[in-house]
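First up is the structure itself, then whatever we jot down about it.
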Amino acid sequence: MFQQTPPMGWNSWNTFGADISEELVLTMADAMVEKGYLAKGYNYLVIDDCWSLHERDKDGRLQADPEKFPHGMKYVADYIHKKGLKFGMYSCSGTETCAGYPASFDHEYIDAETFASWDVDFLKYDYCYRPMTVPGRILYHRMGNALANCGREILLSACSWGADETGKWIKETGASMWRSTGDIFDSWESIKKLTYQQLELLPYAGVGCFNDMDMLVVGMHGKGNVGLGGCTSQQYRTHYSIWAFMGSPLMIGCDIRTMSDEDRETLQNEELIAINQDIACRQPATLSSYGGWKPDDLLILFRPLSDGDLAIGMFNMADEERGMGFVIDEMGIPVSSGKTLLLHDVWSGKDTLVKNETYTEKVEAFGCRVFRAKIVNK
Ligand code: GAL
């Protein structure tokens, strides 16, 4: 299925793990609409691992656990669709899912048909318990082909954690997004690690198939399945800014029914969402701080947008305030052009005209600045 911009939505894994149910999913669908997420573009509601029984039925089909989902999956799909949302489910390319439920190896076509019969719109497809005799790219080709022929448009979300150089072959399988790194945990160390791992993979990102940096931990504050200490709201803002800026799918992982207004505002920043959803989906480039000096914990990125604006992000990954800045020549705006930049800060709303060739600003510990910049006459 063709996907123009990074998918957005909510996924059950980060907070709920195996503890999922029809009631949880239906109330989450309500919250996605009532709390304004759908209106901002978050339209996929995805049930992750642990939704099925441990056995297939007599015809070899996957079956939902009736204790968790008493009315079955079509009922859940109908409810989600009535809300204007799309419905995502989960399986795995091996013989079992990562949590030990039946998975789709050698059942790709029958499972794709089953998902289509439930009106599923999105399939997250994992990489556990796979047979070592079949290469990963063939496993994803199998499900890519099965979905493309199941009679329904179903987005394939590959989840092979970047293993086996996934970025080199995933686009040929029909996937629309691919997990480019390992699992996220709700800690600043995890956010930082995934961010730096992503830098080398950015050339693989682009329209049609997006580098998935894993579900967001914004708003978890240490609670839930991948809660590991938690982060501050400032750290969540920087985490969200990086994921949005780098063009990752934006899949929320916290309990949006109970989260704070502050974290909700983070997830609903329209200007950042617009950068993430820019139709050109260009890869960001790294800039050196002050034109040459490039300390490890200061990350400065820029990204040309489809209307001629530039997105510029300064991310302070350090645990102390730092002076940060950039030279606009590095973005292709030499002094001789007579041009400069008008910076619009997407978090504070402040506008600043760059007066010199260099822009500098102090950025608080774990903080960030994201600008949407216009090229203007000096
Ligand atoms: C992992 C995957 C997680 C989650 C989990 C379920 O492999 O990366 O996002 O889906 O499996 O067991």
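Every number for a ligand or one of its atoms is a count from 1 in the order of the listing. Computed over heavy atoms, backbone and side chain alike; hydrogens, waters and symmetry mates excluded. Counting from 1, the numbers follow the sequence of the chain as shown.
The nearest protein atom to atom 10 (O) of ligand 1, hydrogens excluded, is given as Asp48 OD1, 2.7 Å; this is a heavy-atom distance. Asp126 OD2, 2.9 Å is the protein heavy atom nearest to atom 11 (O) of ligand 1. In terms of protein heavy-atom proximity, atom 9 (O) of ligand 1 is nearest to Lys124 NZ, 2.8 Å.
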Derivation and outcome, ring-ring contact (aromatic ring centres under 6.0 Å, His included), residues Tyr101 and His54: CA-CA 5 Å; Tyr101 292 83; His54 279 283; 4.2 Å; yes
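The SG atoms of Cys98 and Cys128 lie less than 2.5 Å from each other.
The distance from atom CH2 of Trp178 to atom CG of Leu201, rounded to the nearest 0.5 Å, is 5.0 Å. For the atom pair CE of Met220 and CG of Asn225, the computed distance is 7.5 Å after rounding to the nearest 0.5 Å.
With a heavy-atom cut-off of 4.0 Å, Cys159 touches ligand 1 through its side chain alone. By the criterion of a heavy-atom distance under 4.0 Å, neither the backbone nor the side chain of Tyr127 is placed next to ligand 1.
Taking all heavy atoms of Asp183, Asp49, Thr181 into account, the minimum distance to atom 3 (C) of ligand 1 is reached by Asp183.
Remark: Arg130 is positioned above the aromatic ring of Tyr127, its terminal NZ or CZ atom under 6.0 angstrom from the ring centre and at most 45 degrees off the axis.
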